[in-house]
Every structure is written in C-alpha cells, then in structure tokens.
Amino acid sequence: MFKRKKKKVQTAFARQLITSVNPKSVIAEQFKIIRTNLNFSMPQENLRSIVITSTQMSEGKSTISSNLGVTYAQAGKKVIFVDADMRKPTVHHTFGLKNTTGLSNLLIKELKMNDVIQQTNIENLDVVTSGPIPPNPAELLTSSELKVLLEELKQSYDLVIFDAPPVLPVTDAQIISNIMDGTVLVVNSGETEKEGVLKAKELLEKSKANLLGVVLNNVTLEDNNYYYRYYG
C-alpha cells in the first residue's frame, strides 16, 4: 500500500470539478453515463486502466478526464489519476496540488511511487502530477519503466487513469495507449475538423490502442426548453 502525501486542497479547483461540487447536476449525470458506457464497453473484462486524450489542444481533455476520475471514485472505485502530459500539465491546477515532483521523476527513477502520490479531498481519489517538465517526454514514455509503474499502480488501485497530450501534435498518447486497457478520445463539438478526428483515430489504431469511444465536448442539448452547455 502506498503512503499518500497529505495535502489541503484549495477550493479554486471547484470551478472545473462539477462532479464534486454539484454531483446531482445534469452535467454530473452525463459523466455517470460515460462511466457506465465505459464499463459496458468491456463486459467480459475488468477495466483497470484508461488513457484519455484528444485530437488537438483546448478540447477539454483534462477537464473531462478529471471529472471522470471523480465519478469513478464516487462509485466506490479506488482511483489514481496520473497527469501524463509532461509538456503542458494542468492537473495540479485542477486539484490545487503542487507539481514539484511527479511522473517525470518516476520515469527517470529519481523517486519512488510513495514520494509522488498526492491525496485529494475527494474520497478514493489520489493524484500523480506530471512533475518537472523534461526535455524528452516521448523518450521517457517509451522506456520500460512506464509499464512497470502501471503494473505497480494496479496493485493498489482499482482504476488507473492517465491524462495524455493530444494525439495529432505529439506521439505521447500513442505510446501510452499501447499498454492501457482502453483509450477515450475527446472531441470538441463544432471546432474539431472531421479529418483531424479520423487522423487521430488512425494513429491510435496503428499503436494498437483499444479505442473505447469518443466524448463529444461543448455540446448544447435541448430537452423541454432546458439548455445546458458544458465547457471543458
């Protein structure tokens, strides 16, 4: 069992974690639907690891993945959320955590897992931030150490969620998806070009990713004159 760093989480993160702030809201219910759909996507197997990525930047990937992690934790799963975006990390901002140490330190074997796992104020949810930004993120991810870390986390957590960089600009998500049980692609409604989505799908398939589905973000739904828009 890993020892977690205790951390008093700042309330600033609440604006993004709607599933924690207002778990009975319409938007929070949509995340529960996503969770259910993911569980049904692998009915014969136990889904233990997910990587969430997007086609390009600013599609709401990190907000989607963070809220999904909260939703799984609320369902009683012991969840570890890993910020695998070692280029433009944001998860530490979302949860109000420090980012002095994290995944990059683990991949170069500078620190042990117990040194970097941080506790959030959400029951059942821990976080590993990205750590210091390295000059060679893709090279670190291709090392055998990543798979070792994943297996180590599975021993103490029910679900491991990786938040990865977008697919089109860099290869990081392809590398990570190759060793994960499933991959989820986030697409920004009305903004992302169809060609970009198809290209991202092609790249993930080439890396032998198990693409579980696509989350369409920033959608406006109408139901009996009730509207909502989710901005990731």
Side-chain angles (χ1 to χ4, degrees), residues 1-9 13 16-17 19-20 31 34-35 38-39 42 45-53 61-86 89-132 137 140-141 143-165 172-173 175-184 186 210 212:
M1 181 66 65
F2 299 123
K3 295 180 180 178
R4 304 182 297 176
K5 286 185 177 181
K6 292 185 177 180
K7 171 68 182 180
K8 185 177 180 181
V9 181
F13 81 100
Q16 296 189 64
L17 289 177
T19 47
S20 176
F31 282 104
I34 295 172
R35 180 189 68 200
L38 288 174
N39 291 338
M42 297 180 63
E45 301 178 42
N46 187 15
L47 185 63
R48 298 292 310 281
S49 60
I50 306 172
V51 57
I52 299 177
T53 184
K61 162 187 63 70
S62 294
T63 303
I64 295 289
S65 57
S66 299
N67 278 283
L68 188 59
V70 173
T71 303
Y72 268 104
Q74 290 170 338
K77 293 284 188 180
K78 190 175 181 184
V79 180
I80 183 74
F81 190 96
V82 180
D83 190 348
D85 191 340
M86 294 183 289
T90 61
V91 171
H92 59 289
H93 294 306
T94 302
F95 289 96
L97 302 172
K98 292 182 179 180
N99 191 30
T100 52
T101 60
L103 179 61
S104 58
N105 302 102
L106 293 175
L107 292 175
I108 62 173
K109 301 182 181 181
E110 185 178 60
L111 295 172
K112 302 269 186 199
M113 195 70 72
N114 284 334
D115 300 321
V116 301
I117 291 178
Q118 298 188 61
Q119 183 179 6
T120 72
N121 70 342
I122 298 168
E123 187 177 1
N124 296 323
L125 181 62
D126 293 342
V127 169
V128 174
T129 61
S130 71
L140 287 183
L141 292 170
S143 69
S144 59
E145 190 62 23
L146 179 64
K147 192 170 183 179
V148 172
L149 295 176
L150 176 60
E151 293 305 315
E152 188 177 359
L153 289 171
K154 284 182 178 181
Q155 292 178 15
S156 295
Y157 293 90
D158 300 317
L159 181 65
V160 182
I161 299 178
F162 273 57
D163 179 79
D172 302 27
I175 297 168
I176 298 170
S177 64
N178 179 259
I179 65 170
M180 306 293 276
D181 292 339
T183 300
V184 175
V186 176
N210 179 21
L212 300 178

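Please read all numbers here as calculations on a predicted model, not as lab measurements. These values consider heavy atoms only, across backbone and side chains, with no hydrogens, waters or symmetry-generated copies. This chain uses plain numbering: 1 for the first residue, then up along the sequence.
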Chi angles and distances behind the side-chain contact (heavy atoms from CB on, under 4.5 Å) call for Val70, Leu125:
CA-CA 7 Å; Val70 173; Leu125 181 62; 3.9 Å; yes
Would Thr94 and Thr63 satisfy side-chain contact (heavy atoms from CB on, under 4.5 Å), going step by step from the backbone distance to the final call?
CA-CA 8 Å; Thr94 302; Thr63 303; 5.9 Å; no
Run the side-chain contact (heavy atoms from CB on, under 4.5 Å) test on Lys154 and Val160 for me, step by step, so that the C-alpha distance in whole Å, both residues' side-chain angles and the decisive distance to 0.1 Å come before the verdict.
CA-CA 7 Å; Lys154 284 182 178 181; Val160 182; 4.2 Å; yes
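Annotation for Leu68 and Ile34: closest pair CD1-CG2, 4.0 Å, computed over non-hydrogen atoms. Closest approach of Gly102 and Asn105 over heavy atoms only: N-OD1, 2.7 Å.
A distance of 12.5 Å separates CG in Leu47 from CZ in Arg35, rounded to the nearest 0.5 Å. Taken to the nearest 0.5 Å, the CE atom of Met180 stands 8.5 Å off from the CD1 atom of Ile161. The CE atom of Met113 lies 5.0 Å from the CG atom of Leu106; values are rounded to the nearest 0.5 Å.
Just one residue in the list Thr19, Asp158, Asn67, Asn39 forms a side chain to side chain donor-acceptor pair (under 3.5 Å) with Tyr72, and that residue is Asn39. Screening Ser62, Ser66, Ser130 for a side chain to side chain donor-acceptor pair (under 3.5 Å) involving Asp163 leaves a single residue, Ser62.
Here the side chain of Asp115 pairs a donor or acceptor atom with the backbone of Lys112 at under 3.5 angstrom. In terms of modelled atom types and a separation under 3.5 Å, the side chain of Ser49 and the main chain of Asp181 share a donor-acceptor contact. Between the Asp83 side chain and the Thr129 main chain, no donor and acceptor come within less than 3.5 Å of each other. Side-chain N or O atoms of Gln118 include one that pairs as donor or acceptor with a backbone N or O of Lys98 at under 3.5 Å.
Residues Phe162 and Leu150 have side chains in contact (heavy-atom distance under 4.5 Å, counting atoms from C-beta outward). Using a 4.5 Å heavy-atom cutoff, the side chains of Phe31 and Ile64 are in contact.
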